[in-house]
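Next up is a structure, given as C-alpha cells.
Just so it is clear: chains get the letters A, B, ... in the order the sequence lines come, proteins before strands, and each one is counted from 1. Being a predicted model, the structure only gives us computed values, none of them experimental. The analysis underlying the following values was restricted to heavy atoms, covering all of them including side chains, and did not include hydrogens, waters or symmetry mates.
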Amino acid sequence: MSVATTHDHHHDHHGPPRGWQRWVYSTNHKDIGTMYLFFALFMLFFGGAMAMYIRAELFMPGVQLASPDFYNNMVTDHALVMVFGMVMPAAAGMANWMIPMMIGAPDMALPRLNNLSFWLLPAAAILLMLSIVAPYIFPDGGTPVNTGWTLLPPLSVQNGIGMDFTIFAIHTLGVSSILASINIVTTILNMRAPGMTMMKMPLFVWAWFFTALLLIAVMPVLAGAVTMLLFDRHFGTSFFDAAGGGDPILFQHLFWFFGHPEVYVLLLPSIGVLGLVIPTFARKPLFGYKALVYGMGILAALGMVVWAHHQYTIGMSLVATNYFMIGTILISIPVGLMLMNFIFTMWRGSMTFETPMLFGIAIILMFSFAGVTGVMLAVVPADMQYHDTMFVVAHFHYALIPGAVFGLYAGVFYWLPKWTGHMYNERLGQIFFWWTTISFNLTFFPQHFSGLAGMPRRIVDYSIQYTEFNMISSIGGFLFGLSHLLFLFIIIQTIRGGAKAPAKPWEGSQIGTPGLEWTLPSPPPFHSFTEAPVIK
Amino acid sequence: MLPRRDKCLSALFITGVTCLFSSMAHAAYEYNLTPPASTLTQEIFDLHMLTTIVGTIIMALVTGMIIYALINFRHAKGAVPDQEFHNGWFGRWAWVLVPVIVLSIDLTIASSASSTLSSVESHDKADVTVKVIGSQWKWTYEYMDDDIKIVSNLKKLEPTDPLYLRDVDDPLVLPTGKRVRFLLTSSDVLHNWGIAEIVPKKINIPGYINETWTNITKEGTYRGQCYENCGTGHAFMPAVVRAVSPTEYEQWKVTRKAQQAQAAAEASADKVWAKAELMAKGEAVYTKNCLACHQANGQGLPGVFPALAGSKIANNSAALAEHIAIVVKGKAGTAMAAWGPQLNDLDIAAVVTYERNAWGNTAGELVQPKDIKAAR
C-alpha cells in the first residue's frame with residue numbers, strides 16, 4: 001500500500017501517456033476499465049445481431065434464412081458472446097473503474113496483469129469469430145459448432161474445425177477471467193485505505209469479491225472439460241464416449257459444475273450495483289447490509305453445489321435427484337432475502353426516478369419473476385416436462401437480462417457522469433428504459449407460454465401451433481434490439497459533451513454506502529488518490 | 001415529469017390488456033402445460049399448478065409492495081426518508097423472518113414434489129416394455145416382449161399444414177390402461193424423447209439406458225418431439241404415440257407381425273431382383289433413411305454431408321465393395337451411421353443400387369440381397 005502510494009507520487013508530473021501507447025500498454029485501472037466497457041459494448045451488438053437473426057428465422061414456421069446448422073451455430077455463439085464477451089467484460093470493466101476508487105486504492109494491485117487480462121479478450125473474440133467462419137472457408141471444415149453453448153458431446157465430437165477454435169477461445173477467455181479475478185481479490189484484500197474494513201466496503205465491492213472467488217473456483221473446471229473434449233476429438237481418448245469406456249454425462253457434470261456458478265458470476269456484480277443505486281435514489285441507507293453480504297456468500301456457496309439441476313433428465317438416483325432439488329429450492333432463501341432488502345430499502349424512503357433507479361425497480365420486479373419460474377424449474381418432476389423447452393429460455397432470459405444486463409445498464413447510467421464528467425440526457429435515458437423494458441417483456445413473456453405448450457428450444461423450425469407467440473416474440477425482439485442504438489447514442493453524446501457533472505452527481509449518493517468515489521472530481525484524475533484517504 | 005410517466009404507464013397497461021384479449025379471441029394460443037393423459041403426468045400437472053399458483057401469489061405480493069412504495073415514498077410527494085428504519089425492531093428481525101417464511105413455502109413445495117418424484121422413479125412390473133432408440137434423425141421403437149420394430153420418420157408436410165413437423169410415417173402404438181415401461185437409448189448423439197401428455201422426459205444417451213414409464217388413461221394420438229439438441233435435423237424429429245384400447249392393441253400386434261414376417265421372407269429369399277424393382281424400393285429406402293443428410297438430389301450439404309451424385313465411391317465401378325461397406329458398417333468419425341443392424345439385406349441392396357444409378361451416376365451395378373449377406 002505505502003509502496004504504491006510513494007510510487008504514484010514519484011510519477012505525478014508525467015501525466016497520462018499519449019496516443020495508442022496509452023491504451024495498448026496501459027496499466028491504469030480506469031483506462032483498462034474503459035477498454036473493457038467498449039469491448040463489451042462491441043460484443044453486445046455482435047451478439048445482439050445474432051439474436052436478431054434468430055428471431056427473424058423464428059418469425060414464422062419454415063426454414064427461411066439459412067441452414068439449420070448455421071442457425072444452431074448462431075444460437076451457440078449468441079450465448080458464448082453474450083456471457084463471455086458482453087456481461088463478464090462489462091462487469092469487469094466496472095470493477096476496474098470503481099473498485100480501486102471505492103476502497104481508496106491508487107490502482108489495481110497487479111496493474112500489468114490487468115493489462116494482460118484485458119488484451120486476452122480481443123484475442124479470444126477473434127478465435128470465436130474464426131470458429132463461425134472456419135467451417136465455411138476450410139475445404140473439409142465439417143459441421144459448424146451446432147451444439148448450443150453447453151457443447152455437449154457426442155455432438156461436439158462430430159463437429160468440424162470450428163469446435164477447435166471455440167475450445168481455444170474458451171481457454172483464452174478462461175485465462176483472462178482467472179487473471180482478472182486474482183487481481184480483484186488481491187486488490188480488495190490488500191489495497192483498502194486505512195480504516196476501510198471489509199464490513200465497510202460498498203456492496204458492489206463485496207459482490208465482486210464473491211464473483212471473483214467463484215470464477216477462480218470454477219473456470220479451471222470448464223478449461224479441463226473442454227480440454228478433455230479436445231483430446232476426444234483429436235487424440236483418440238474416450239473420456240465422453242461410452243464405446244471406449246467413457247461417459248457422455250461426465251461432460252455435463254463438469255460443464256454445469258462451472259455453468260451454474262457462472263450464473264451467479266453474471267448476476268452478483270449487478271446485485272452489487274443495485275446495492276448502490278437503490279439507497280442513492282431512495283435517499284436512505286441500505287436495509288440489511290450485513291444480511292446482503294452474508295446472503296451473497298451463501299448464494300455463492302449454494303450455487304457451487306446444485307449444478308445437476310440442469311440435468312434432471314439424465315437419470316440420476318432418487319437420492320441424488322432429491323438432494324439437487326431441495327438444494328436448488330433453498331437458493332430462493334438468499335435470493336428472497338436480497339429482494340426483500342432492496343424493497344425495504346425503498347420502504348419509507350424518498351424516491352426519485354432517474355434512469356438508474358427505474359432500471360433498479362424493474363430489476364427487482366422482473367428478477368423476482370425469474371426466481372418464481374426458477375422454483376418451478378427446480379421441482380424435478382415438473383422440470384421433466386419443462387426441460388429444454390422455450391420455458392427454460394424465457395426463465396433464464398428473465399434472470400439474465402434484468403438480473404445481469406439491466407444491472408449493468410443501471411451501473412452505466414449511475415456512473416456515466418463520474419466516468420465522463422458529463423451528465424447524460426435524462427429524457428433519452430428514460431425513453432431508453434421504457435423502450436427496453438417493454439420490448440424485453442414483449443419478447444420473452446410469450447416464450448413461457450410456447451414453452452409450456454411444448455416448443456423445444458434450439459430448433460430452427462417449429463410447427464404452426466406456436467406461430468402467434470413466436471411472432472409477438474420476434475417483434476418484441478426487434479424492438480429490443482433497436483433500442484440499443486439509442487443506448488449507443490446516449491453514451492456517445494455523453495462522452496462528447498453535456499452538462500458538467502459535479503463530483504457528487506446524485507443527491508443521495510454516499511447514503512449508507514461508504515464509497516470514496518464521490519470524493520473525487522468527475523471525471524477523476526488519471527491517478528485517483530495521490531494520498532491514501534482515511535476512513536473514520 | 002409526472003404526466004409523461006403516467007402516459008407511459010397507461011401505454012404499458014393498454015399493451016398488456018390488448019395482448020390478453022387477443023389471446024382470448026384466438027384459440028391457437030396454448031399457454032399452459034399440455035393437458036395430461038396418463039396417471040403419472042396428471043400427478044406432475046397438479047404439481048405444476050401448485051407451484052404456478054404459489055408463484056403467482058408471491059409475485060402479486062412483491063408487485064403490490066413495490067407499487068405501494070412507489071406511490072407513497074416518492075420525493076415528489078415530499079416523503080421524508082426514515083434514516084433509522086433499518087435500526088428498528090423490523091430491521092433487526094426481518095433477516096430471520098423472511099428466510100423462515102420462504103423456507104416454509106419451499107418445504108411445502110419440496111415435500112409434494114418429492115412424493116411425485118418417487119412415483120416417477122418407481123420400477124413396478126410393466127405390462128409392455130418398449131425400447132426407444134434415438135438416432136439422427138428418427139426414432140426406432142422395439143417392443144421387447146414381441147418381435148416388433150417400428151422406425152418413425154418425419155412425415156414431410158407443407159408449413160401451412162396443422163400437423164407440420166408434428167406427424168410421422170409410422171407412429172408407436174400403445175395400449176391404454178396398461179403400465180408401459182420405456183427404455184431410452186441412442187445410437188449416436190444425445191436425444192430426448194418427449195411427449196408431455198404421457199411421459200416425464202429422460203434423455204437418450206448413447207451407450208446407456210434410461211427408464212421412464214406411463215399408464216395412458218385416454219385413447220388418442222399424442223405428439224411430441226426431440227428435446228435435446230442433436231444437430232442439423234433436431235427440429236425435424238417428431239415423436240408420435242397412438243394410444244388404443246387393449247383389444248385393438250392385440251389385433252394390431254397380430255397384423256403387424258404378419259406384415260413383418262412377409263417382408264423378412266421376401267428379403268431373405270434368394271430371388272434375383274430386376275433393376276426397376278430395386279430402383280423403386282431403393283428410392284423409398286433412401287427417402288426414409290438417407291434424405292435428411294444427403295438430400296433429395298444426392299448433392300448432400302457441402303462441407304457437412306458429402307454428395308452422392310458424381311461421388312468417388314457411388315459413381316465408380318471399382319468402389320462397389322467400399323460403397324457397400326460404408327452403408328453396412330457406417331463411417332467412423334462422421335455422422336454416417338451403420339445401417340447393417342437397422343435395415344435388411346434387400347433394403348440395403350436396393351438403396352445401394354439406387355445410389356449408383358440415380359442423379360446421373362453411371363456405375364450401373366445391380367446389387368442383390370445375397371451380396372449384402374456376404375458383405376456383413
Is there a side-chain contact between Tyr208(B) and Ile314(A), using heavy atoms and a 4.5 Å cut-off?
no
Interchain contact, Val80(B) with chain A, by part (heavy-atom threshold 4.5 Å)
backbone
At a heavy-atom separation under 4.5 Å, does Leu330(A) approach chain B through its side chain, its backbone, both, or neither?
both
Can you tell me which portion of Met340(A) sits under 4.5 Å from chain B's heavy atoms? Options are side chain, backbone, both or neither.
side chain
Distance in Å, Asp388(A) CG paired with Cys226(B) SG, rounded so as to fall on 0.5 Å steps:
9.0 Å
From the list Gly148(A), Gly288(A), Gly454(A), Gly371(A), the residue making the most non-hydrogen contacts under 4.5 Å with chain B is Gly454(A)
Is there a side-chain contact between Ile249(A) and Ile205(B), using heavy atoms and a 4.5 Å cut-off?
yes
For the pair Lys201(B) (side chain) and Gln385(A) (backbone), establish whether a donor and an acceptor sit closer than 3.5 Å, ignoring hydrogens and angles.
yes
Side chains of Pro68(A) and His234(B) in contact at under 4.5 Å (non-hydrogen atoms)
no
If one checks every heavy atom of Ala378(A) against chain B at 4.5 Å, the contacting part turns out to be neither
Applying a strict 4.5 Å limit to non-hydrogen atoms, the region of Leu152(A) in contact with chain B is side chain
With a 4.5 angstrom heavy-atom cut-off, could you sort out which part of Tyr294(A) is near chain B: side chain, backbone, both or neither?
neither
Look at the side chain of Ser463(A) and the backbone N and O of Leu163(B), then say whether any donor-acceptor pair between them is shorter than 3.5 Å.
no
Can you confirm whether Phe236(B) sits close enough to Val460(A) that some side-chain heavy atom of one is under 4.5 Å from a side-chain heavy atom of the other?
yes
Part of Ala291(A) within contact of chain B (heavy atom distance under 4.5 Å):
side chain
Hey, does Tyr68(B) have a side-chain heavy atom less than 4.5 Å from the side chain of Met346(A)?
no
Is the His48(B) to Tyr386(A) ring centre distance short of 6.0 Å?
yes
Please flag which part of Leu365(A) lies under 4.5 Å from any non-hydrogen atom of chain B: side chain, backbone, both or neither.
both
Atom CH2 of residue position Trp435(A) - does it have more than 12 heavy atoms of other residues, nucleotides or ligands inside 6.0 Å?
yes
Do the non-hydrogen side-chain atoms of Pro154(A) and Asp188(B) ever get within less than 4.5 Å of each other?
no
Does any heavy atom of chain B fall under 4.5 Å from the side chain of Arg457(A), the backbone, both, or neither of them?
backbone
Relative to each other, are the rings of Phe449(A) and Tyr31(B) parallel, tilted or perpendicular (30° and 60° limits)?
perpendicular
If you define the side chain from C-beta out and look only at heavy atoms, does anything of Asn322(A) sit under 4.5 Å from Glu121(B)?
no
Contact part of Pro153(A) toward chain B, heavy-atom cut-off under 4.5 Å: side chain, backbone, both or neither?
backbone
Show your reasoning for whether side chain to side chain contact (heavy atoms under 4.5 Å, CB included) applies to Gln136(B) and Gln158(A).
CA-CA 12 Å; Gln136(B) 288 167 323; Gln158(A) 274 183 11; 3.3 Å; yes
Relative to chain B, which segment of Asp247(A) carries a heavy atom at a distance below 4.5 Å: side chain, backbone, both, or neither?
both
Side chain from CB out, backbone as N, CA, C, O: work out which of these in Leu155(A) comes under 4.5 Å of a heavy atom of chain B, or both, or neither.
both
Can you say whether the rings of Phe287(A) and Phe85(B) are parallel (under 30°), tilted (30 to 60°) or perpendicular (over 60°)?
tilted
Could you tell me if the side chain of His387(A) sits less than 4.5 Å from the side chain of Glu228(B), heavy atoms only?
yes
Under 4.5 Å to a heavy atom of chain A? For Leu47(B) that would be side chain
Greatest number of heavy atom pairs closer than 4.5 Å to chain B - which of Arg458(A), Met384(A), Gln311(A), His448(A):
Met384(A)
